[in-house]
Each structure stands twice: as C-alpha cells, then as structure tokens.
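The structure appears below as structure tokens.
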Amino acid sequence: MNHNYDNRRGRRGRGGRRFGDAAPRWDGESGYGGGEESSGWRKEQGFGGAQRARGKHPAHLKGREIGLWYAKRGGIKRSEEDRRSRAVVQMDEKREQHITRLLHSVQRDAHPSTSQSWRRVKEEPMGHSYFDGDEPPKSQIDVKVPKMESESENEYEELPREDQDKRDLEYLLQDLMRIPSLDEELVKDQQKKINSSRYLEMLRFRENLPSYKMREELVRLISAHQVLVISGETGCGKTTQVTQFILDDFIQRGMGSLCRVVCTQPRRISAISVAERVAAERAESVGEGKSCGYQIRLQSRLPRKQGSVLYCTTGIILQWLHSDPLLSSISHLVLDEIHERSLQSDVLLTIVKDLLSARRDLKVILMSATLNAEKFSNYFNRCPMVCIPGYTYPVKEFLLEDVLELIRFQPHHQDRRPRYRRRFGDGRSLQPEKEMREAEYQESWSCFTRKLRDGYSDRTIETLEMMNDEEKINLELIVALIQHIVLKEEDGAILVFLPGWANISSLNDLLMAEQMFKSDRFVIFPLHSLMPTVSQTQVFKKPPAGVRKIVIATNIAETSITIDDVVFVIDGGKIKETHFDTQNNIRTMTEEWVSLANAKQRKGRAGRVSPGKCYHLYNGLRASLLESYQLPEIQRTPLEELCLQIQVLKLGPIASFLQKTLDPPSEKTIELAIEHLVDLNAMDRYEKLTPLGFLLARMPVEPHIGKMILFGALLGCLDPVLVIAASLSFKDPFFIPLGKEKIADQKRKMFSQSSRSDHLSVVNAFWGWEDAKRQGERCERDYCWENFLSSSTLQMIQNMKGQFAEHLLNAGFVNSKDPKDPSSNINSENEKLIKAVIVAGLYPKVAKICPSFKKRPGPVKVYTKADGKIFLYDCTEVSPFSLLFFGGEVTIEKDQDQETIAVDKWIVFQSPGRIAHLVKDLKKELDALLEEKIKRPQPVDWKNRQSKDCAVISAIIDLITTQESPAGHSWRDSRERWHSTE
DNA sequence: GAGCACTGC
C-alpha cells in the first residue's frame, strides 16, 4: 500500500522496532488488507489475478480516486500474495494419533445427559430458547445452560460469592449507629485541642483561608439541603476545610458518632496528601483510630469508623458500591474536582443522583471550579450553589500578539508555503464542529488583524500574519521568550507547557544550543510521564539563589505535579488528546488546541508563591474560539468496563443508565462496547451477565485483562501472566531518559532476550527486579537505575499481582493467594504458552507483519482487521496454534486448491482437512472445559494426569509448545493501536 | 523512526 495514500502519520510502537534486527528480511509484498477493504477481502480475492497488471492508474481518475485505485490494487495484490504465503498448520503423526485417541476418549467419557442436554440459550422474546447444537461456538466459551435447570433471573448469580476481606467489609457495611460514649469523648477531645499550641498555630493559618470565613454559611447550607455545589478556585481551601467543618459541627453538637465524611479525589497522591494535611491541621497523625485517614488502591490508613473524615480515590467508592449499594455507612459524600469530568466522577454523579431518594439522610457536596459549577447544580435539580473566592496571587496574562510586541520576535524560517487545509483521504479526521470553528477562524482573521492595528505595531501584525496557521508550536519563539524573561524579569522558575515528547526534546536541544543556558546559573528539567525526572525530588526544590529553574513539561504539570516556585508560565497552547473512533474501533491521539479550562489551570500554576505571569502562545482570535472544556472522558473512551459495572451494580439497562449521565456517550460507542462484551462472552445480547461476566466485573481491571488473568490461572502460568496483566493495566515500568532513547531501547531489547515480545520483556525485567530486591535495597536501586526501570511502578505491579491473586483465590481458581505458589505455576517457564494466554486476553487486537516496501531490512508494516495501516506498541509475536485455540471462531474451508483453517474467517492458515478438523474438535473440548471451569471454579488438578481437564489442556499445551514459529508468517498481538489522524 | 494524562474492595 502506498505510503502516501493515507496521510495518517501514526506512531510506531517500540515493539515493532525492537524486533528490528532479528526480524526476517522482507523483499516482497504480502499481507492482509485491512481497513476500508477489510470486510471485503474475500470478495476481492475472487477477482484477484485478473487485475494484477502493473502500471499506472487509468488516466480519467482524479485526486483521491487515484489514491484509492492504487490502494485497491495493493489490496488485491496482497490477498493474492497472501494466499500463497500462508503459514501451514500441521502436526506430526504421533501427535495426530494421540489427539485422535484423546478426543475419542473424551467424547466417549462425557456424561450423555450433560453432553446432550447442553444447549445454547438464545433468548427470543419471552425468553423462549431452543437447541442449536450444531452451530459452531461463536467465541471461546460458549454459554450453555443445562436444560433442566430453571431459567430464573438469578441463575448466574448463584456463583460462590467472593469471600471478601472480612475486616474491610465489616468496616464498610456498618451503618452509622449513635454511640453516646464516643460523642462525649469527641467533645472532650476537641476541647483539649483548643489548648494545644500546635492546633492553635494551625488554626491561625486556617482562619486566613477564604473558605474559613464562610464556615458558618457552609455548615448551614449543608444541613439545610441534601445536595450543595461548592465552587472555588485552588487555594480557597475547600478540599481541606469543608470536610472538617462538617465533622467539627457534628462533634460540637454532641453527635460526632453520626458523622462519617467521605471525600473523593481524582488522584492517589492528592488523596494521601490532603488527608495528611487535614490530620496535621487537627494536630493528629493520619490513620487508625484518628479523625482523618485515606484509602487508595492497595494502600490505606483508615480513620476510626465514626466521627471521621476519609479521603479516597473515586474508584474506591465505585468499588464500595459492590458491597454497599446504598453507601449506608456514609453520612456525607463530598465529590471533589468534579469539573475535571473524569469517567469515574461522571459515573458516580449519576449513581449518587439516583441514590438520593433511597438515602434521604445522605448529604452530598459537589466541589468544582467556578467555570462550570452551574452545570452540576442544574444536574441536581438546581440545587443551591455557593462560591468561595479564590486565594492565589494575581497572574498577568499575555497573548501571542503581546508576546511578539514585547520581545520583537522575528521568526527565522519564513516558511510561507501554502498548507493543506484538508489532507488527502483524511476526511474523517476533522469533526464537523471543529471544521466550522476553523472556517470561522479564517473568516474572522482580517477583521481581527484590522482591529489589532490600533494597539500593536506593524511589525507585530506582520509577524502575526506570518505565524498564522502555523501548525507546529514555534519553539524558537519560546527560546526567545525564555531569554527575555531571564534578562528582563525578576527571579522565579519558568514552566513551559508542551504537548509531547518530541517538543520537549527539541526545546531542550534548542536551549542547550544557546551559550547562555549552558552556564550553571540554569537548571533545566524535562518533565514527562516516561522520563525518570517525574520521580525525582530535584524538580520540586527551589534552586540556590541566582540559579534559574526551567521546567519543560506536558500537562503532567497541570494537575499531577505541582512545582511551587513557578512564577512564569509559558503555555504552548496545545494538548494531546485521546479520542475513541467508533468508525474504526480504535483509539486515536491527536494534538489539539487547549480548552479555556486548561489555559486557566496553566495560568494558575504561576501564582502559587507570588504574583506571576502567563504567556499563551496563541493569538486573540484563537483565544476567543477556544472550547470552554475538553470533551468529558466518558465521550472519549471505550466503555466495555463501564458497561460491565453497570450490569453488576444493577443500575438498569445500559443505554438508559448512560443516558442519565451529564453528557451521555454516543449510542454507537455503547453498542460497540456491548458487542465486544458479547464477543468476550461476558454478557448475552440482552445484557445479561454470564458467569464469566460476573467474574470479570469483580476484577479491578479491564475485562480483557481480567480474562487473561483467568487463563493464566487455568493454564498454570500465573506469575508471569499477572506481571503482564498488571503492567498492561497500570503502566510500563521502563523509563526513557531524554537523550538516552537509544540506550533505553537497548536495555529493553536485552530484557526481551529472544522472546520477540514486549510483554515478556517486562516479565524478565520484573523477575530481575525481584532478584535484586532480595539482595537488598541498594541492589534494587542500582538495578532500577542501570536498567532505566521505575522502582515505584515495579512495586505497584507487585502489589497489583497480589490483589489479582487474591481475587482468583476468593473465586476458587487457585489454591493460594501467593502469585508464585508452585501449584499455580506448573507452566510458568513455558514461553509459548504464556504467549497463548496473551492471545486469550488481547484477541482480536492482532496484526500481521507485512514487508517493508524498501528492499532493505528495516521497519515492517503491520496490518490489522480494523485498520489498514497503523502503528503498534507492546507487541508479542504469537504462533498459529495459539490463535486457533485462544482466538475467535475457527472455520475450515477450501480456498481454490488450498485447504485452510481460519480464525474468525480472517486469520487464515493452510492446513490439511484432517488436521484442521482435529484442531477444531480439540478447541471445542477446550471451550467446554473452560466454560465448565468458570461455572464451577476449581484449580486444575495437574497431578492427576488422567483427568479430562489435564488431558485436554496438556494436549493443547503440547501442540502450542512444540510448534515452530514460522518466522515470516508470524502474527503479532498488540495491546492498543494508536493512529494519529492529525 | 518515535512515546498526553489519570485511575480501581
């Protein structure tokens, strides 16, 4: 396929590159056509050879049509080539005989009454069901229900309930009962505090906070209304004070035991740091028996049950709902930072809204930035709203024209080539609304510059004209601006916001190229989630007098990381944003203009210690056209996991629940999520959860990852699979230091050994870390440092593994909560089997490696079912058998003279009919077995070699393990596929 | 030839 046909410039994954050297050399062109023609490739194959003529396109074609013509020709050529180069699925005679015998015995052994009476439940209207035994299973584990059993609503729910952590559950479910002795104790305690110097000192500070001055009004409003919206900017103290006002009021009134305030935070770090701050203000420490504590995933310091304040992450409350749907142990629920519109807070808002009538006594306090507080009030039936004035230093703002006027900037490269407004073949990349906005921008431009002439010099207008329409952030301008600040302005750190790695790296290079910044009067910190600087304390420290700190950051510095001594903010005006493209079922990431909310937040970063200045690098016209907010996350993300949660929490039909959210996601996204959950066999078409669905809903991971975990347990390779699952659902532990990308890459490659797998590289790195850790703290530190690994990420992965294993133990799939227990790890050294489990979890995220066009080894192209040409990361090379056994539906067909076996009619292998049928039958047995295991969970008995479980699984493991990976015909599996639509 | 940011009993 022509490189230029589809002008999407995607991101190449590390995986694709990493295998580079070892990858087979390609000198031909083959592969599966994906993307636009994906649904029709079989058809195209039909008229394959006829149109293979090389040469130019017909002369009458124009523009885009030419591209399509070549693309189509490429597709035809590929499918033809493809047919000839299919991998062969075979097995030797010995194995063939063994499996034939095995299948005979298994099929004979099967209890007739079970094997005959299983049937698929297809819920026709009125729940009518019928037998369709001959239909091939649609997915790995077909849900069947014994005929004789009742088909009541609760059928699937008679699973052994997880025996949850008893202490936490007790703690959680306890309704608030008045305890007079505690009430008294709390009053006395408070009186004592008033005489404590530490408390008084803190109190003096608190009294200066704007929120403190509104204490009485806030308490009055909260007690008078069930829901209250409190708005206020950072620094007004709402997060730390409101919870205390509520608690202290209850204590004062002698009913402290009836008060349990829970306050949600969007981030782990803020939950901890706010809790610690509040504890300090109360002259206490955080945690047990005290009045303030926190709970985040895998880490908690819980306060006393009653008469206390708990700060937790939003996800914790969502998990609580599983065991306490009414939140009956809470008296006040404070939802903080809801203006950020995270998926979780939007969902919690909807749930809480429904909860209000069932919990008349529950008080709900919503805390938001002032900009959109009204929206939340409206959502809650126009509940009262109160605004707390901000308390930060004034920050003076400059727009691009001001900056140009100020520093008399003249761009070096006067690149005035006309730019493509719309790119070839890229019609869908611009949303209609955005297109209109761009049109408006173009129309208003001359009017805008005309008006500007009053207050700005001709030179500025000229430069502005010249820079108009510049797609990239002008880094030279930023360098000049930094120089201006350094020379003309007072002391204080400079914080630059840029959208991504590439920009940060280039600006860093540009600065280092200037003589001026090489001196030790400057310290420059690039800050990006993948760079080790994020975990260094250095960046927070105030530099010695006379030294200027310059931080170049992504939006990580907007909310997650706070650098106090920043006085100057340079806002590049751009942000990278993920979207979910339902058309192509793919996540995309594009660079966009910031929203007003982003700009405001960035500006706020300059006024923490003194008055500051903020330079926005977009002009006044652009500023007037910025969106108020970024699209809420619920409209930008796939919804599988959420749909599963809605069902397990019994929140009603999925679509109608989501319709109730503040800004509902599109119907298409919902349909797609349900479709995927049905494919995964987590629910049926009527949204009813299957046994697998119930299991996955309880796991604190995305459903696909949950399935991977389950298969890891059932196939006896738990430990490595848990490492992979944890790193996929949390984050990759590798750092990439700026300027050391190559070395970082080599380290990764080293860990991959010969596995040809990013996932297994992480496992190797993790195992190495465990060894180093056993040898002591120092050794651990050195190991992480030398290998560019994040110690905290590895630690989190370890903790998450424990959590997953505990779930598996509670659900009955393993014998121990130790991920390393030998009984769960019989096959943990079996690389190929682990790869098969990866397939089980990540299917259908599969791509075929295709040859490069250049006649030299190099990056290879990949093709997937969903999209023609994309970039991958986190890849693993997998074998045909693993796809056949752990991918989708298996079909056997003849393709001209060729006998084939295919997965979901898309991944096709050559295979003699005899073998193909054997494989298909064996897979059927596997599906039945896995289904049975999930319905009646118990660990696989590996000691009893004669058991049916063991025999079938062993045969499959044997096939997977002994099969050669046919290099050059290998499939890769990827976690996510990004393409950039620019 | 290239990597926004968070988060879960």
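All values below were derived from every heavy atom in this structure, side-chain atoms included, with hydrogens, water molecules and symmetry-related copies excluded. First the proteins, then the strands, lettered A, B, ... as listed; each starts at 1.
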For Arg297(A) and Pro700(A), indicate whether the former's side chain and the latter's backbone hold a donor-acceptor pair under 3.5 Å. yes
Residue met sooner reading DNA chain B from 5', once Gly315(A) and Leu527(A) are mapped to nucleotides: Leu527(A)
For Glu558(A) and dC6(B), what is the distance between atoms CD and P respectively, to the nearest whole Å? 11 Å
Side-chain N or O of Ser560(A) less than 4.0 angstrom from OP1 or OP2 on dC6(B)? yes
Test of understanding: with side-chain hydrogen bond (donor to acceptor under 3.5 Å, both in side chains), list the residues that count as partners of Thr314(A), not counting sequence neighbours. none
Whole angstrom is fine here: how far is it from CD in Gln601(A) over to C1' in dC6(B)? 14 Å
Relative to each other, are the rings of Phe734(A) and Phe751(A) parallel, tilted or perpendicular (30° and 60° limits)? tilted
Indicate, with a heavy-atom threshold strictly under 4.0 Å, whether Ser529(A) touches base, sugar-phosphate, or nothing. sugar-phosphate
From CD1 of Ile504(A) over to C1' of dC4(B), roughly how many Å is that when rounded to an integer? 9 Å
May I have the distance from Ile272(A) (atom CD1) to dT7(B) (atom C1'), rounded to whole angstrom? 13 Å
Write down the distance between CD1 (Ile575(A)) and P (dC4(B)), rounded to a whole number of angstrom. 12 Å
Closest of dC9(B), dT7(B), dA5(B) to the Ile316(A) side chain is dC9(B)
Among dC4(B), dA2(B), dC9(B), the nucleotide that comes nearest once only the side chain of Glu741(A) is considered: dA2(B)
Any idea which of dC9(B), dT7(B), dA2(B) is nearest the Gln319(A) side chain? dC9(B)
Between His528(A) and dA5(B), is there a contact of a side-chain N or O with OP1 or OP2 at under 4.0 Å? yes
CG/Leu728(A) to CG/Leu842(A) distance, rounded to the nearest 0.5 angstrom? 6.0 Å
Counting any heavy atom closer than 4.0 Å, what does Ile296(A) reach on the DNA or RNA strands: base, sugar-phosphate only, or nothing? sugar-phosphate
Rounded to whole Å, please give me the gap between CD in Glu640(A) and C1' in dT7(B). 17 Å
Quickly work out the Leu696(A) CG to dC9(B) C1' distance and round it to whole Å. 17 Å
Over all atoms of both residues, closest heavy-atom pair of Gln630(A) and Asn598(A): OE1-ND2, 3.4 Å
Of dC9(B), dC4(B), dC6(B), the nucleotide closest to the side chain of Thr554(A) is dC4(B)
Quick one: label Arg297(A) by what it contacts on the DNA or RNA (base, sugar-phosphate, nothing), any heavy atom closer than 4.0 Å. base
Closest to the side chain of Ile556(A), out of dC9(B), dC6(B), dG1(B), is dC6(B)
With respect to the side chain of Gln803(A), which nucleotide from dC4(B), dC9(B), dT7(B) is positioned closest? dC9(B)
Separation of Arg301(A) atom CZ from dC9(B) atom C1', in whole Å? 19 Å
Looking at dG1(B), dC4(B), dT7(B), which one has an atom nearest to any side-chain atom of Thr578(A)? dC4(B)
Could you tell me which residues satisfy side-chain hydrogen bond (donor to acceptor under 3.5 Å, both in side chains) with Arg622(A), sequence neighbours excluded, listed by chain and number? Glu438(A)
